Protein chains: 2
Amino acid sequence: MKTYSISEAAKELNLTVYTLRYYDKEGLMPFVERTPSGTRLFKESDIGALKIIQCLKSTGMPIKDIKHFIDWCSDGDPTLQQRYDMFMERKASVEAQMEELKKTMEVIEHKCRYYKTALDAGTEDIYKSDKVGSFIAD
Amino acid sequence: MKTYSISEAAKELNLTVYTLRYYDKEGLMPFVERTPSGTRLFKESDIGALKIIQCLKSTGMPIKDIKHFIDWCSDGDPTLQQRYDMFMERKASVEAQMEELKKTMEVIEHKCRYYKTALDAGTEDIYKSDKVGSFIAD
DNA sequence: TTAATCCTTATAGTTAACTCTAGGTCAAGT
DNA sequence: ACTTGACCTAGAGTTAACTATAAGGATTAA
């Protein structure tokens, strides 16, 4: 079975070795085994687990909370409900983030149009009525 | 014309007064005027500008970069191109984030199904073939 | 006029998530 | 045997974005 050194794992996951060791120190990778001399040996499934960790991170989950999940995984079946609840909550959070991002996108697109028009006109003054001051809010 | 005190502005924007003063210190609100005694007076348009700042923040833009944008706004028409480019770049970034979030969502939904099934079965062992170890990657 | 409740600045502290350094171990190649 | 390079730990340093404190000034209501 193929294994990865920490630098190979880092490359595979687009992380630095510092980050991986930091995650280990934070208890995110209790499953990674060591050689007799202490060198970490990443299995294929460890890489997969770290991808799940990255997925959770990308939902905005802090490392401390991810550690809870990892602990629950070690505890086995008695924590199935917690883990299910956690992923359902993550789902809701990601849905909310998508909504938020959609609204953000609308504002950004409005601004793109705004500046396109101003650029064509050569000036922002086309938006001026009588007020003086910044146009940031327009 | 209605104005807001810093605490009113904070309430309106769902920020703390600390955060607003911090933004001011970082040069994000050069447009906010003061009373003769130094108290900040937020105009309606200032609230609007801060909403744009919040929008940029929600795209993941760091405060230093937002400050550049604010500076460009003060510089007027000569920076129209930069500002247009910036918003186009933000647009691309938000699009990428949406894509990323979609992929994240797929993994999360897979996990929801996984744990629903395990929960119904009462154990995670249904996913075991012959390997021993964590199921995190499954 | 005095107390409360704002506001101000300057500066220090906090938190999360890295990021790096120092000093040491270990295995492979010359 | 020795050097090289990748690994290790412990712990210090960094960065962004707040968050809070201290000391004091201004405005309002009784």
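Only a predicted model underlies this, so the values are computations on that prediction, with no experimental measurement involved. Side chains are part of it too, since the values below use all heavy atoms of this structure and drop only hydrogens, waters and symmetry mates. Here is the naming used below: chain letters follow the sequence lines, and residue numbers restart at 1 for every chain.
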Given atom [atom1] of [X] and atom [atom2] of [N], what is their separation to the nearest angstrom?
X      : N       : atom1 : atom2 : value
L28(B) : dC18(D) : CG    : P     : 10 Å
L20(A) : dC20(C) : CG    : P     : 14 Å
Y23(A) : dA16(C) : OH    : C1'   : 11 Å
K11(A) : dC7(D)  : NZ    : P     : 11 Å
R21(A) : dC18(C) : CZ    : C1'   : 13 Å
Y22(A) : dA17(C) : OH    : P     : 6 Å
M29(A) : dA17(C) : CE    : P     : 16 Å
E26(A) : dT19(C) : CD    : P     : 14 Å

Please work out if [X] contacts a base, only the sugar-phosphate, or nothing of the nucleic acid, heavy-atom cut-off 4.0 Å.
X      : value
R40(B) : sugar-phosphate
S5(A)  : sugar-phosphate
T16(A) : nothing

ask   = Taking the six-membered ring for Trp, are F69(A) and F87(A) parallel (under 30°), tilted (30 to 60°) or perpendicular (over 60°)?
value = perpendicular

For this session: Check whether any side-chain nitrogen or oxygen of K25(B) sits under 4.0 Å from OP1 or OP2 of dA16(D), and answer yes or no.
Result: no

Between R34(A) and dC26(C), does any side-chain N or O lie under 4.0 Å from OP1 or OP2?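 For R34(A), the contact criterion (side-chain N or O under 4.0 Å from OP1 or OP2 of dC26(C)) is not met.
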
T104(A) side chain to S58(B) side chain, donor-acceptor N/O pair below 3.5 angstrom: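 T104(A) vs S58(B): donor-acceptor pair found between side chains.
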
Using the closest heavy atom to pick a nucleotide of DNA chain C for each, name whichever of S37(B) or M61(A) lands nearer the 5' end.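 The residue closer to the strand's 5' end, by nearest nucleotide, is S37(B).
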
Comparing nearest nucleotides in DNA chain C, the 5'-proximal residue of the pair L15(A), T39(B) is T39(B)

Centroid separation F135(A) to Y114(A) less than 6.0 Å
no

- Find which nucleotide of DNA chain D each of S7(A) and T35(B) is nearest to by heavy atoms, and output the residue with the more 5' nucleotide.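 Looking at the nearest nucleotide for each, S7(A) comes out on the 5' side.
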
Nearest to side-chain heavy atoms of [X], which nucleotide of [options]:
X      : options                  : answer
I6(A)  : dC8(D), dA26(D), dC18(D) : dC8(D)
Y18(B) : dC8(D), dA20(D), dA17(C) : dA20(D)
K57(A) : dT8(C), dA17(C), dT19(D) : dA17(C)

Heavy atoms only: give me the nearest L28(A)-I53(A) pair and the separation to one decimal.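 In this case the closest contact between L28(A) and I53(A) is O-CD1, 3.4 Å.
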
Side-chain donor/acceptor contact of K64(A) with base of dT15(C) under 3.5 Å | no

Original post:
Salt-bridged, R83(A) to E124(B), with N to O below 4.0 Å?
Top reply: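 The answer is yes: the pair qualifies as a salt bridge.
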
